[in-house]
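Convention: sequence-line order gives letters A, B, ...; per-chain numbering from 1. What you see is a predicted model; the values in this text were computed from it and never measured.
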There are 2 protein chains.
Amino acid sequence: MLSKKTKYGLKALTYIARQEGESPVQVGEIAKSEQIPQKFLESILLTLRKAGILGSKKGKHGGYYLRKSPSDIKMTEVMRVLEGPIAMVPCVSLNFYEKCDDCPDENLCSVHRLMIQVRDNTLYVLRSTTLEDLSAIN
Amino acid sequence: MLSKKTKYGLKALTYIARQEGESPVQVGEIAKSEQIPQKFLESILLTLRKAGILGSKKGKHGGYYLRKSPSDIKMTEVMRVLEGPIAMVPCVSLNFYEKCDDCPDENLCSVHRLMIQVRDNTLYVLRSTTLEDLSAIN
DNA sequence: TATTAATCCTATCAATTTAATAGGAATTAC
DNA sequence: GTAATTCCTATTAAATTGATAGGATTAATA
């Protein structure tokens, strides 16, 4: 299951992308428009800022803005920040690899091999989709 | 993340598939060989039996066996039984569809559209992989 | 028929994760 | 200096996960 955190994060990024060009977008505005609990959204946008995807401006008339062009923000990046590893098991993760406790030999593990397939196909989609695609109307 | 339940289930099914032709395979044997807590595995195999993937024989010399040929057991079926919906959000699930509370129009929702892509690619892999593929050595 | 060995069933529990809330500090525009 | 905003930390309630416990039921076989 996709966490609410990720779902909200994606919706917020899409919202911001659709406003781009103007001044920073405020959390309250996004929360209201997208029906997201404001305090929860605050923490999500903070995470995205710390990851370098968003920038922020503090104080009155502050808010969030994209650090890169929507077409340069790949879904792999966003998903890794919000949802964590794309692989369903650590032993097939490219960025968060961990060996299984059990499993003497990964190459002989049926689960391992299946999950590599799933990962590769998911990666293909997430790598070839950018925030620009998400924020395109229709 | 793939749950332990699913991981254990897949390993157990693979183990059983590799023994096929002989008498039913016992939980204790699988648990020992695959390093799975026996009581936990019991409940998993029970689930697979109730779903019609496994059959069982009770009493002494009892155990579990496949109800179909490994080449007829698709990963979509196994994953749905053990892990639940393949879609990451209910609103793109084929078998467990649910509308989102928020989201006035799915067709305009960026998350919805992305998750359809992910689902379709995952489905492709899981539909074209069977237990026979998993249990092939190498 | 008694014993043994297996599945079956229900309940419970501890740990973790998730989703959300609360309260206020720091910063900036005006 | 006031208002509006992000920033930060802590807390909490609910759900899920992974596992354990105990025994009921069933069947083979000595």
Side-chain angles (χ1 to χ4, degrees), chain A residues 1-12 16 19 22-32 34-67 81-85 88-90 100-102, chain B residues 1-12 16 19 22-32 34-67 81-85 88-90 100-102:
Chain A
M1 275 282 294
L2 195 74
S3 66
K4 297 258 183 170
K5 182 179 168 187
T6 303
K7 188 184 179 192
Y8 293 161
L10 287 170
K11 285 193 164 195
I16 295 172
Q19 309 290 315
E22 307 159 32
S23 40
V25 185
Q26 286 151 24
V27 174
E29 180 188 336
I30 306 171
K32 197 176 167 197
E34 301 294 327
Q35 314 218 53
I36 302 170
Q38 175 156 351
K39 278 294 198 178
F40 193 14
L41 183 56
E42 266 184 37
S43 73
I44 295 168
L45 298 189
L46 214 44
T47 303
L48 289 167
R49 198 217 59 191
K50 285 177 179 166
I53 294 171
L54 291 176
S56 67
K57 193 175 167 234
K58 284 191 192 174
K60 202 168 185 176
H61 300 170
Y64 289 93
Y65 53 89
L66 300 176
R67 292 284 298 277
V81 168
L82 294 176
E83 192 74 5
M88 294 186 79
V89 281
C100 294
D101 297 340
D102 45 325
Chain B
M1 272 282 295
L2 194 74
S3 67
K4 297 260 184 169
K5 182 178 168 188
T6 303
K7 187 184 179 193
Y8 293 162
L10 287 171
K11 285 193 166 196
I16 295 172
Q19 310 289 314
E22 306 159 32
S23 40
V25 185
Q26 287 150 24
V27 175
E29 181 188 336
I30 306 171
K32 197 177 167 196
E34 301 294 326
Q35 314 218 53
I36 302 171
Q38 174 155 352
K39 277 294 197 179
F40 194 15
L41 183 56
E42 264 184 38
S43 72
I44 295 167
L45 297 189
L46 214 44
T47 302
L48 289 167
R49 198 217 59 193
K50 285 177 178 164
I53 295 171
L54 290 176
S56 68
K57 192 174 166 236
K58 284 192 191 174
K60 202 170 185 176
H61 299 170
Y64 289 93
Y65 53 90
L66 301 176
R67 293 284 298 276
V81 168
L82 295 176
E83 193 73 6
M88 294 186 81
V89 281
C100 292
D101 298 339
D102 45 324

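Between the P atom of D/dT6 and the CD atom of A/Glu29 lies a distance of 10 Å, rounded to the nearest Å. For B/Leu82 and D/dT17, the CG to C1' distance is 14 Å, given to the nearest whole Å. Rounded to whole Å, the distance from CG on B/Leu45 to P on C/dC8 is 9 Å. Taking atom CZ of residue A/Phe40 and atom C1' of nucleotide D/dC8, one finds them 16 Å apart after rounding to whole Å. As rounded to whole Å, 14 Å separates atom C1' of D/dT5 from atom CG of A/Leu41. When rounded to the nearest whole Å, the span between NZ of B/Lys4 and P of C/dA15 equals 16 Å. One interatomic measurement links the two molecules: CE of A/Met88 to P of D/dT17, which rounds to 12 Å at whole-angstrom precision. In this entry the distance linking CG of B/Leu48 with P of C/dC8 reads 12 Å, nearest Å.
OP1 or OP2 of C/dC8 lies within a sub-4.0 Å distance of a side-chain N or O belonging to B/Ser56. B/Tyr65 has no side-chain polar atom (N or O) that falls below the 4.0 Å cut-off from OP1 or OP2 of C/dT7. Between A/Arg49 and D/dT6 there is no side-chain N or O to OP1 or OP2 distance below 4.0 Å.
Taking every side-chain heavy atom of A/Ser3 into account, C/dA19 is the closest of D/dT20, C/dA19, D/dC8. Taking the side chain of A/Leu46 as heavy atoms from C-beta on, and the options C/dC8, D/dC7, C/dA6, the nearest nucleotide is D/dC7.
Closest of all the heavy-atom pairs between B/Pro24 and B/Gly63 is CB-C, 3.5 Å. The heavy-atom pair separating A/Leu41 from A/Tyr8 by the smallest distance is CD1-O, 4.5 Å. The two atoms that bring A/Phe40 and A/Lys4 nearest to each other are CE2-CB, 4.3 Å, heavy atoms only. For A/Gln26 against A/Gly62, the heavy-atom pair with the smallest separation is CG-O, 3.1 Å. The two residues A/Gly9 and A/Leu82 make their nearest non-hydrogen contact at CA-CD1, 3.8 Å. The shortest heavy-atom contact between B/Glu42 and B/Val27 is CG-CG1, 4.0 Å.
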Side chain to side chain contact (heavy atoms under 4.5 Å, CB included) for B/Cys100 and A/Lys7? Distances and angles first, verdict last. CA-CA 11 Å; B/Cys100 292; A/Lys7 188 184 179 192; 3.6 Å; yes
Side chain to side chain contact (heavy atoms under 4.5 Å, CB included) assessment of B/Ile44 paired with B/Thr6: CA-CA 8 Å; B/Ile44 295 167; B/Thr6 303; over 6 Å; no
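For the atom pair OG of A/Ser56 and NZ of A/Lys50, the computed distance is 10.5 Å after rounding to the nearest 0.5 Å.
Using a 4.0 Å heavy-atom criterion, one finds that B/Lys50 contacts the sugar-phosphate atoms exclusively.
Paired with B/Tyr64 under the rule side chain to side chain contact (heavy atoms under 4.5 Å, CB included), one option of B/Ile53, B/Leu46, B/Val25 passes, and it is B/Leu46.
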Would you tabulate the pairs of protein nitrogen or oxygen atoms and nucleotide nitrogen or oxygen atoms of nucleotides 25-30 of chain D closer than 3.5 angstrom?
{"from": "D/dT29", "atom 1": "OP1", "to": "B/His61", "atom 2": "ND1", "distance (Å)": "3.4"}

Write out a two-atom table: protein N or O, nucleotide N or O from nucleotides 21-24 of chain D, distance below 3.5 Å.
{"from": "D/dG22", "atom 1": "O6", "to": "B/Lys39", "atom 2": "NZ", "distance (Å)": "2.4"}
{"from": "D/dG23", "atom 1": "O6", "to": "B/Lys39", "atom 2": "NZ", "distance (Å)": "3.2"}

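Two residues, A/Tyr8 and B/Gly63, neighbour DNA chain C, and the one matched to the more 5' nucleotide by heavy-atom proximity is B/Gly63.
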